[in-house]
Amino acid sequence: MRYTCWMAVAIVALSLGAVAAWGSTTDALIADLAGQDEVARARARQLLPRGDIVAATPKVVALVGHENQAIWRAAFNVLMDFSAEVSVPGREAERAEVARQIMTLIASEQPQPVRERGLRLLPLVVPAGFGVGPMAALLAEDNPILREKARAALEETGTPEAAGALRAFLPKARPEFQCAILNSLGILKDADSLPAIEELTKSPDAKVRAAAARALAWTGDPFRLAAVKRVMKTADEATRSEVQDAFVRLVNAIEERGGNWEIAVAIYLDLLGSPDPVLKQAGFAGLGRIGDSSCVGKMLATLHEAEAPVLQVGLDALRRMQGVDVTRALVTAYPDQPAALRVALLEALGSKKHPMVLPILTDAAKSSDPALRAAALNALGETELLAAVPVLIEATGRDESAGAARPAWAGILRIADALRAQGKKKEAGQAYLAAAEAIRTNDEWRSVLQGITACPVPEALPVVQRAAQIQELKAPTAQALVAVGEALTAAKRSKEAIAAFEAARELDNSSEMTKRIAAGLRKAGAAADAAAMLGLLTNWWVVGPFELGENNAGWDKAYVGEPDVSLTARYMTGKRRVEWQPVKASDDRGVINLHKPLGPGDNRIGYAYTEVEVAQDTDALLLLGVDDSERVWVNGEKVFELFVPRGMTPDQDKIPVKLKAGRNTILLKIWQNTLGWEFCARLTLPDGRPVEFTQKK
Amino acid sequence: MKRSQLGVLGVLAVQFLCPMGVYGGEGNVPNAPLVWERIRIGDVIYEAGSIFDVNKDKVLDIVTGEYWFEGPAFTKRHKICDYARVDDYYDGFSDYPMDVNGDGYEDIITGGWWNSTLRWLENPQGRPERWKVHDIDKCGNVETTRFWDVDGDGRVEAIPNAGGNLIAYRLVVDANGKGTGKFTRHVLKTGGVGHGLGFGDVNGDGRGDFVTPDGWLEAPKDPWNEKWTWHEEFHLGMTSVPILVHDVNEDGKADLIVGVGHDYGLFWLEQQVDATGKRTWTRHDIDPDRSQYHDLVLEDLDNDGRPELITGKRYRAHAFSDPGSLDPCGLYYFKIEGGRFRRVTLDYGPAAKASGAGIYLWVADIDGNGWKDILAPGKDGVYLFKNMGPLR
């Protein structure tokens with residue numbers, strides 16, 4: 001018990017000591033803040049916000065009026081930091097105390113610069129529920145600078161009390177200042193001010209009326225329309241644009257608030273009748289957002305005489321308007337429009353992407369008027385409807401001089417791409433097929449072939465076979481042939497599918513494509529060995545490992561008596577006896593992993609040997625992929641050597657070799673540096689087709 | 001728009017705007033539209049809702065899906081119970097208030113497509129507790145449930161549009177007329193009831209008949225003990241629930257107002273009876289170009305003594321697979337003027353900005369200002385449209 005008491009006393013004493021120590025630290029930091037040592041002042045700025053802010057605030061506040069700019073600025077910045085630190089949940093009491101202390105800066109006995117500094121600080125820290133009397137009092141200041149800064153500070157403070165202070169002073173303010181306060185109340189969206197604001201729409205001062213109208217705009221309240229309209233009636237030259245802006249803002253807010261579509265739309269429609277192009281555009285923009293079929297007639301009538309930019313805004317609005325009823329209204333009204341507007345409307349019609357517009361667009365696409373025809377062809381493409389394709393095909397067949405061919409073709413491709421993006425693969429495939437009928441350039445071919453590859457349809461075979469005649473298009477055509485072959489297989493048209501795959505094989509004998517072709521052929525019912533089609537060497541004998549040794553001396557040491565090989569021979573490697581063992585590649589690249597038969601390890605050498613028989617003398621390519629690298633003998637003659645550390649990539653070494661009719665030997669000496677140890681090989685003709693051979697098993 | 005641009009042609013603009021024939025003049029505006037204050041209720045997306053005094057504090061509250069929102073602010077919400085969530089559906093397609101157990105507090109009757117069950121949710125007498133869920137019947141997939149006084153006793157029965165059958169669930173009351181928590185089940189038609197259901201006096205005999213997408217079921221004198229007579233007189237497809245029975249053209253014969261629940265269209269069927277007594281129905285389009293009119297309500301919104309047709313789009317009624325599902329959302333009422341319908345739009349636009357009507361909307365004067373308000377639930381959000389009366 002006694003011990004416990006002593007402990008308690010000790011803890012209290014230590015705590016008091018710590019408080020006292022911190023107190024002295026605060027004083028020291030305040031002294032640094034007010035001192036001449038810049039480094040110490042900078043340190044004090046950083047450390048003060050980490051200590052007892054409430055205790056430090058009055059001392060820092062006292063420095064805000066310091067004559068030395070460096071000192072008052074530092075103090076000001078520290079108070080900004082204090083304000084930020086305490087303006088968080090859980091520190092409400094500290095925040096209120098800091099606010100109270102800073103509020104003293106705007107007291108009447110303070111010099112004006114200090115009061116202005118206080119007004120800059122207060123919005124950062126004054127919380128909701130905190131009295132703003134001293135700030136409000138400044139609204140009545142004769143000094144216009146202080147008065148204005150107080151207003152701005154109250155607006156920025158934004159609490160109910162701040163709004164209340166502005167609201168209370170509104171009727172007492174002189175007209176110029178009333179405008180500023182009205183602006184603040186509008187920004188604060190202070191609903192309690194609305195009666196007073198509406199009252200000021202009757203002010204004898206035009207500027208005040210305009211400001212009041214603007215302060216009502218945020219409400220989106222249709223019941224405020226009458227007041228704003230009243231201001232509009234009495235606006236003078238100087239305030240007219242502001243009042244119009246307020247009116248448009250109010251209507252926009254009505255629209256945004258929702259529920260009063262009829263009112264917003266009626267006003268937007270009314271704005272179309274304005275002689276002011278800006279108001280016209282405001283009307284069109286609003287209707288573009290929320291208009292429906294009931295608006296179309298007046299919008300079109302307004303566009304009869306419209307010029308840029310109203311015309312563009314109006315047409316854009318018609319494009320943006322959604323709903324089948326809008327489309328129907330446009331289609332119905334179209335024939336009665338002036339010729340120039342009909343041309344312009346085609347794009348809007350196309351944007352509706354509805355079959356309802358096709359008769360108009362089809363008719364226009366056959367017009368003798370080049371402008372109407374071109375617009376129609378573009379619009380047909382924009383419909384993204386498969387039903388538009390026949391019209392476009394017909395257009396592509398017309399005389400080039402008519403200027404119709406390319407827009408028509410681009411339209412078909414656009415439809416095809418759109419259908420593809422929508423996941424309508426069959427329709428897209430048909431559209432690509434249609435586009436192929438009028439192709440003129442290889443670039444166009446590429447677009448179509450890519451499309452057919454993504455959306456293959458069985459009917460595409462003749463088209464793709466046609467593309468196969470073009471040398472520059474080999475790769476995309478092969479891709480398309482494989483895709484079409486797969487589609488033909490799915491349609492149970494095996495004979496044509498096999499023809500497609502065989503044609504693809506003629507065009508692209510890369511490993512990846514050959515594998516796909518082989519798989520496709522098998523699925524179509526044809527016998528196809530991918531390994532044979534690739535010329536893969538899959539059966540090997542391997543022996544090792546042998547030491548690479550110091551200074552890579554083993555690389556030049558004939559461990560197996562190379563270049564001659566006896567598969568029955570045995571060799572000593574260290575204290576071990578090794579012999580040739582057969583291995584077979586199991587993956588579709590023909591890869592032999594030497595770690596498996598020869599064991600793991602680094603800095604070593606292994607050998608791989610195989611024999612192939614060919615029917616006749618053949619110039620071939622031995623395509624090797626090796627990790628790390630290799631020396632190669634064919635029929636006992638060294639044909640290649642590389643000694644670099646690297647990973648394996650199939651076909652990374654392309655070695656021309658001469659194969660003789662009958663048996664040929666291939667011996668690889670393979671260096672293992674570290675990690676992977678593997679290789680793969682195949683034999684092809686120089687043009688990439690596989691060599692026909694039998695491999696020793 | 002830049003403010004500076006507004007100065008251009010200012011004088012002419014004022015001349016234009018001041019005599020503007022559009023709303024906003026001084027005083028009352030002839031034929032002025034009603035002004036609505038739209039309020040989003042919470043952040044919920046249930047498709048059904050209703051308005052009643054949940055906790056008996058004499059202030060109307062809003063009930064929607066798993067929550068009720070305390071009036072008059074509707075910002076404080078209370079959990080009712082969990083609803084099954086399947087894709088973007090919540091499995092509750094009505095929120096009808098009925099004091100099922102006779103304790104003086106309104107309970108809720110609902111039912112869902114997914115669990116095929118008609119249920120009542122027991123109000124914990126306004127206390128902040130979860131509501132106990134009671135199954136009434138496994139009646140089949142419930143499209144929505146409607147509440148009509150089938151026998152004219154002053155109390156409504158619950159009629160789910162469910163399972164292809166027409167079944168009425170009648171609350172059992174005690175000697176004091178108080179609910180007992182039990183329902184009796186009355187099968188009025190077995191099979192053949194598709195997507196859609198209506199109720200009203202079709203043949204003018206003073207009794208309420210049922211209407212389905214394929215005909216109407218004539219009520220006998222004793223609806224619970226006598227046979228109902230089936231008249232297969234039309235084929236309407238997947239209609240709204242309800243199909244409204246209303247004398248549209250004021251010729252003394254009931255007509256039908258029909259929404260197309262999962263496609264484009266809103267129309268009415270004019271009833272005509274020739275000298276031989278043969279009945280025919282003639283279709284008149286009201287709005288062929290908007291889709292998913294799933295719920296229809298007749299109420300007098302503008303206090304002219306005549307009901308308006310209140311409806312709108314059931315947004316994502318079948319996700320985005322219904323025709324027109326990507327078209328704008330909208331909430332409307334139609335003035336019915338001598339056989340013609342004039343649409344008045346409250347909201348119209350993308351679902352992020354405009355409200356639809358959901359599957360079970362509610363109309364009531366929630367703030368007591370004398371003008372009926374609309375609660376429009378839906379996957380686009382639950383909105384209260386407060387009717388502020390005509391524009392002045």
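Below, chain A is the first sequence line, B the second, and so on; all start at residue 1.
Using non-hydrogen atoms only and a strict 4.5 Å limit, no part of residues 178-195 of chain A faces chain B. Below 4.5 Å, heavy atoms of chain B meet heavy atoms from A:Gln322, A:Gly323, all part of residues 302-323 of chain A. Using a 4.5 Å heavy-atom cut-off against chain A, no residue of residues 305-326 of chain B qualifies as contacting.
In this structure, chain A has a heavy atom under 4.5 Å from the backbone of B:Leu34, while its side chain stays farther away. Contacts of B:Phe385 with chain A are made by side-chain atoms alone, with heavy-atom separations under 4.5 Å and no backbone atom involved. For A:Glu255, no part sits under 4.5 Å from any heavy atom of chain B, backbone or side chain. Using a 4.5 Å cut-off between heavy atoms, B:Tyr383 does not touch chain A at all. Within the 4.5 angstrom heavy-atom criterion, no atom of B:Arg40 approaches chain A. In this structure, the portions of B:Asp289 lying under 4.5 Å from any heavy atom of chain A include both its backbone and its side chain.
Heavy-atom pairs under 4.5 Å with chain B peak, among A:Ile290, A:Val243, A:Val265, A:Asp221, at A:Ile290. The candidate from B:Arg290, B:Lys353, B:Arg343 with the greatest count of non-hydrogen atom pairs under 4.5 Å with chain A is B:Arg290.
Put simply, CH2 on B:Trp36 and CD1 on A:Ile254 are 16.0 Å apart, with the number rounded to the nearest 0.5 Å. A:Glu262 CD to B:Tyr333 OH: the interatomic distance, rounded to the nearest 0.5 Å, is 7.5 Å. Remark: A:Phe223 CZ to B:Met388 CE distance equals 6.0 Å, nearest 0.5 Å. The CG atom of B:Asp287 sits 7.0 Å away from atom CG of A:Asp325, with the distance rounded to the nearest 0.5 Å. Between the CG atom of B:Asp327 and the CG atom of A:Asp292 there is a distance of 12.0 Å, given to the nearest 0.5 Å. The distance from the OG atom of A:Ser294 to the CZ atom of B:Arg342 is 11.5 Å, given to the nearest 0.5 Å.
Not counting sequence neighbours, A:Lys298 has no partner by the salt bridge (Lys or Arg N to Asp or Glu O under 4.0 Å) test.
Contact record, A:Glu256 with B:Arg38: O-NH2, 3.7 Å, taken as the closest heavy-atom pair.
Proximity of B:Leu346 to A:Trp261: side-chain heavy atoms (C-beta onward) are nowhere separated by under 4.5 Å.
Salt bridge B:Asp347/A:Arg257: absent, no basic N to carboxylate O contact under 4.0 Å.
Within a 6.0 Å sphere centred on NZ of A:Lys426, other residues, nucleotides and ligands contribute 12 heavy atoms or fewer.
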